[in-house]
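Comments concern the structure below.
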Amino acid sequence: MANWNQKFNQTLTSVKQKPANFLLGLIVLIILVITISFSFQGTPTESEDGTKKSALTKIKELFTGQDEEEVMESNIYVVKEGDHLWKIAEEAYGSGYNAYDIALANDIVNPSLIEVGQELNLPELEPKEATVSGEDTEEMSQQPKQYTVVKGDHLWSIAQKVYNDPYKWSAIAQTNSIVNPNYIEVGQVLNLP
């Protein structure tokens with residue numbers, strides 16, 4: 001036991017005197033572990049639940065704390081040039097009306113401000129359908145027929161203010177022949193459907 005303590009103290013002293021050597025050895029060890037894990041990547045092994053998993057998958061699960069199935073369930077979408085939330089929702093869910101859900105899941109305050117390369121979490125959702133009841137139609141007929149854009153406005157917020165339904169932004173865009181809903185100007189007068 002005393003011999004082991006003495007060797008441990010010598011090793012500790014050596015690490016303190018030459019930390020660069022210790023770090024270099026640690027890096028070599030990490031590279032070796034990664035190389036070995038990649039060499040076993042194609043060789044699946046059977047796990048406790050009977051499914052076959054590669055060594056790399058097991059290492060990923062070890063570091064993330066999640067099964068591969070759990071990791072795969074989170075749908076991440078990377079914003080491309082020309083994307084907007086309505087278009088992304090149509091592609092992901094088959095309904096643009098899920099755009100608001102994407103905005104909520106990603107804490108997006110202004111849905112007009114998404115950037116190319118931004119990663120969006122797409123939650124597991126059922127496609128939404130547009131709904132209009134007789135009560136909504138009556139309320140809409142009492143609304144003003146025009147709206148003047150003020151600083152900070154975007155179609156989503158205007159639809160929320162006017163109709164209490166942000167999903168009606170697309171109807172405003174169509175009525176005013178707005179090609180890019182991200183570009184409206186302060187002072188612009190919009191006809192309301």
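Computed over heavy atoms, backbone and side chain alike; hydrogens, waters and symmetry mates excluded.
A donor atom on one side chain and an acceptor atom on the other are found under 3.5 Å apart for E124 and N75.
Pairs of residues two or more places apart, or lying in two chains, that qualify as salt bridge (charged side-chain N to carboxylate O under 4.0 Å, His left out) and include a residue from residues 82-97 are D83-K87.
Taken to the nearest 0.5 Å, the CD1 atom of I158 stands 4.0 Å off from the CD1 atom of I184. Taken to the nearest 0.5 Å, the CG atom of L29 stands 11.5 Å off from the CG atom of L24. A distance of 7.5 Å separates CG in D165 from CD in Q160, rounded to the nearest 0.5 Å. Between the CG atom of N98 and the CD atom of E126 there is a distance of 9.0 Å, given to the nearest 0.5 Å. Summarising the geometry, atom OH belonging to Y183 is positioned 14.5 Å from atom NE2 belonging to H154; distances are rounded to the nearest 0.5 Å. For the atom pair N182 CG and N110 CG, the distance stands at 8.5 Å (nearest 0.5 Å).
The shortest heavy-atom contact between A159 and P166 is CB-O, 3.7 Å. Considering every non-hydrogen atom in both A99 and A89, the closest pair reads N-CB, 3.5 Å. Taking all atoms of both residues into account, the shortest heavy-atom contact from I102 to L120 is CG2-CD1, 4.3 Å.
Scored by the side-chain contact (heavy atoms from CB on, under 4.5 Å) test, N21 finds K18 as partners (sequence neighbours excluded).
Connection of L113 to W169 is not established within any shared hydrophobic cluster, with ILVMFWY side chains joined at heavy-atom distances below 4.5 Å, either directly or through further cluster members.
By the 4.5 Å heavy-atom criterion applied to side chains, L85 and W156 are not counted as neighbours.
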Derivation and outcome, side chain to side chain contact (heavy atoms under 4.5 Å, CB included), residues E119 and V78: CA-CA 5 Å; E119 291 185 354; V78 179; 4.0 Å; yes
